[in-house]
S.K.: 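Input: one structure, supplied below.
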Amino acid sequence: MASISMAKNNTWVYQEIFNYPDGSTKRHTKRFNKKEFKTEKSATKQGEIWAKEKQHEINTGYTGNEQSATLMDFYTNGWYPLKTQNKTQTTDRYISTLENQILPELGDISLDGLTLKQINAYFTKISTTKIKNLNTKILDYPSESALENHKKALSNLLTLAKNYQYIQYNPVKELKVKDFVKGTKIVQKNITRNSYTKQQANFLLDYLQKYEEDKQFARMMELMLLTGLRPQELCGLDINKSIFLSEDSQDNNLYHLFIFQAIKKVKDNGTVLGTTKNEKIRNVYFSQRVYDIILEQLIFKENEKNRILNQPKRNRRQFGWEKDEEAYFLFSHSGGKPYQPQRIGKKWTAFIQKIPNLPQYQLYSLRHTYATLMLYAMNQSNNSTNKNTNYGATLQAIADSLGHTIDVFIKYYVHPQQEFQKKLAHIDFLKN
């Protein structure tokens, strides 16, 4: 039975139950933009057209000889995503993976002869072969997400073959991708804590924006570099309680983060929401660049939440965190549970080891970089505008933003950098 509803992201959600040749049924969903279909009636009519075409695609599946059909035969003649004109980005990715990597290796094997052992051998081969990232040009082993894409593409094909009763079961379902991840052991002692130069920091931001596939992780790292937040505080940012985007005509903007909580891991209690490291509550004001990053993440998180809540009740996952049902984290797993700071740190370490031309510093170095470069930038700004600004006031402002005293700020967070040290040669501090 068809149904249609309006999602919060201003799209129509049309759902229909489809019948498969083996007698099973499955619900599928199609979204339509409200700008294109302004009324429920027009969206429903378009949904009925889509449902009719999709049911036809399912009904007119592969009808070849099931005894001799190979994986390639079934893919070419029976996999209906190849026949539809409305391919999704996911479908295109599956087609590319199947045609360029999976089928050249497994395509000649008969459908009923494909075993888990053969599939394991294929995954062993691809997981131990370094490939070049088209963006970064770096040779590396396939990531877990890349291997998961291989599994989903092959499983999608075999699931349809099972629905058409060409095979009795889908062996890919038993595959465990984690067993094939070629992980390089992360050695923390080789990663030092320091401060990046301005040039290095800009290179890092550019790299995160252009090449990092996990956009939520990229935005976390950008935010840490540009605000100096601790990883625990980043993970604890609450959309409803921590983010203030109000504007003021006199001060241009009063964009700030209200830092009052952090995610921690406590023995016997697991992940909990507690106070900041030194229990200091503070405001962290930020620029338009940070505003844009936060806004992008807000939209991402809201869309992610709506996708879950708009699922049919029988398939709907719970969104939120059982330990605090009111919490709505800016950065979280897809179900709304908060990230663990330790896992973010490990991901950063693996990430930074793959970037050419950058020192391998710890995650906390992003906070140190913020402190060091912000101090130099504020001093340079004061000097260029000939403002008689108290140097101590500058130190206090940045220290407050970090949640520290001036003493701790100077001792641990300000790193002398060679490009600024060289300027000492041109300064006569005794000259008027």
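Bear in mind that the values here come from a model prediction, so they are computed numbers and not experimental data. We count residues from 1, following the sequence as given.
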S.K.: Under a 4.5 Å cut-off applied to non-hydrogen side-chain atoms, are Y141 and T129 in contact?
M.R.: no
S.K.: Heavy atoms only: give me the nearest Q261-G236 pair and the separation to one decimal.
M.R.: NE2-O, 2.7 Å
S.K.: Measure the NZ-CD distance between K265 and Q340 for me, rounded to the nearest 0.5 Å.
M.R.: 4.5 Å
S.K.: Just to verify, what does N283 make a side-chain contact (heavy atoms from CB on, under 4.5 Å) with, not counting sequence neighbours?
M.R.: H256, F258, Y285
S.K.: Looking only at atom types and distance, does a side-chain atom of T349 sit under 3.5 Å from a main-chain N or O of G345, one as donor and one as acceptor?
M.R.: yes
S.K.: A side-chain contact here means heavy atoms from C-beta on lying under 4.5 Å apart; do N310 and S5 qualify?
M.R.: no
S.K.: Hey, are H368 and Y361 close enough side-chain-wise for a donor-acceptor pair under 3.5 Å?
M.R.: no
S.K.: Flag yes if more than 12 heavy atoms outside K125 fall under 6.0 Å of its NZ atom; otherwise flag no.
M.R.: no
S.K.: Which pair of heavy atoms, one from T227 and one from L223, lies closest together, and at what distance?
M.R.: OG1-O, 2.5 Å
S.K.: Using every non-hydrogen atom in the two residues, find where L175 and L116 come nearest and quote the distance to one decimal.
M.R.: N-CD1, 4.4 Å
S.K.: So, do F244 and L257 sit near enough that their side-chain heavy atoms are less than 4.5 Å apart?
M.R.: no
S.K.: Apply side-chain contact (heavy atoms from CB on, under 4.5 Å) to Q232 and K277, showing your working.
M.R.: CA-CA 9 Å; Q232 299 89 335; K277 184 177 179 180; over 6 Å; no
S.K.: Would F203 and Y196 count as a ring pair (Phe, Tyr, Trp, His ring centres under 6.0 Å) here? Give the steps.
M.R.: CA-CA 10 Å; F203 176 82; Y196 289 111; 9.9 Å; no
S.K.: Would you check if S127 and V181 make a side-chain contact, meaning some heavy-atom pair closer than 4.5 Å?
M.R.: no
S.K.: Check whether the side chains of Y14 and Q46 place a donor and an acceptor atom closer than 3.5 Å, and report yes or no.
M.R.: no
S.K.: Which class fits the ring pair F286 and Y255: parallel under 30°, tilted 30 to 60°, perpendicular over 60°?
M.R.: parallel
S.K.: Considering residues, nucleotides and ligands other than E322, do more than 12 of their heavy atoms fall under 6.0 Å from its CD?
M.R.: yes
S.K.: If you define the side chain from C-beta out and look only at heavy atoms, does anything of K347 sit under 4.5 Å from M220?
M.R.: no
S.K.: Could you go through K34 and W12, starting from their C-alpha distance and side-chain angles, then the distance that decides it, and tell me whether this counts as side-chain contact (heavy atoms from CB on, under 4.5 Å)?
M.R.: CA-CA 6 Å; K34 193 177 180 183; W12 296 105; 3.7 Å; yes
S.K.: Would you call E212 and R219 a salt bridge, taking side-chain N to carboxylate O under 4.0 Å as the test?
M.R.: no
S.K.: Less than 6.0 Å separating the ring centroids of F331 and Y339?
M.R.: no
S.K.: On a heavy-atom basis, which atom in S334 and which in I308 lie closest, and how many Å separate them?
M.R.: O-CD1, 3.0 Å
S.K.: Is a side-chain donor or acceptor of D238 paired with a backbone partner of A327 at a separation under 3.5 angstrom?
M.R.: no
S.K.: Does G403 offer a backbone N or O that forms a donor-acceptor pair with the side chain of N278 under 3.5 Å?
M.R.: yes
S.K.: What is the minimum heavy-atom distance between M224 and L229, and which atoms define it?
M.R.: CG-O, 3.3 Å
S.K.: Using a 3.5 Å distance criterion without hydrogens, assess whether the side chain of Q200 forms a donor-acceptor pair with backbone atoms of T197.
M.R.: yes
S.K.: Using the rule given for side-chain contact (heavy atoms from CB on, under 4.5 Å), can you reason through R289 versus L226, listing the C-alpha separation, both sets of side-chain angles and the distance that settles it, and then say yes or no?
M.R.: CA-CA 9 Å; R289 189 205 293 236; L226 295 170; 3.3 Å; yes
S.K.: Quick one: salt bridge (charged side-chain N to carboxylate O under 4.0 Å, His left out) partners of K301, sequence neighbours excluded?
M.R.: E304
S.K.: Below 4.5 Å, heavy atoms only, C-beta onward: do F319 and L309 meet side chain to side chain?
M.R.: yes
S.K.: Pairing donors with acceptors under 3.5 angstrom, does anything connect the side chains of T70 and Y75?
M.R.: no
S.K.: Does the side chain of L114 reach to within under 4.5 Å of the side chain of I109, using non-hydrogen atoms?
M.R.: yes
S.K.: Could you tell me if N170 and T159 have a donor-acceptor pair between their side chains, going purely by distance under 3.5 Å?
M.R.: yes
S.K.: Between E233 (side chain only) and R230 (backbone N and O only), is there a donor and an acceptor less than 3.5 Å apart?
M.R.: yes
S.K.: Tell me the closest heavy-atom pair linking G270 and K323, and the distance in Å.
M.R.: C-NZ, 4.1 Å
S.K.: In the structure I gave you, are the side-chain heavy atoms of F329 and C235 within less than 4.5 Å of one another anywhere?
M.R.: no
S.K.: Keeping Q297 on the side-chain end and L330 on the backbone end, is there a donor-acceptor pair under 3.5 Å?
M.R.: yes
S.K.: Verify the neighbour count for atom CG of D214: are there more than 12 heavy atoms of other residues, nucleotides or ligands below 6.0 Å?
M.R.: yes
S.K.: Any luck finding a side-chain donor-acceptor pair between Y328 and E302 under 3.5 Å?
M.R.: yes
S.K.: Say whether D112 and S110, considering side chains only, have a donor N or O and an acceptor N or O under 3.5 Å apart.
M.R.: yes
S.K.: Report, as yes or no, whether the 6.0 Å neighbourhood of atom NZ on K280 holds more than 12 heavy atoms from other residues, nucleotides or ligands.
M.R.: yes
S.K.: Mind jotting down which residue pairs meet the salt bridge (charged side-chain N to carboxylate O under 4.0 Å, His left out) criterion with at least one end in residues 141-157? Sequence neighbours excluded, please.
M.R.: none
S.K.: Would you say the side-chain atoms of S365 pair up with the backbone N or O of Q362, donor to acceptor, closer than 3.5 Å?
M.R.: yes
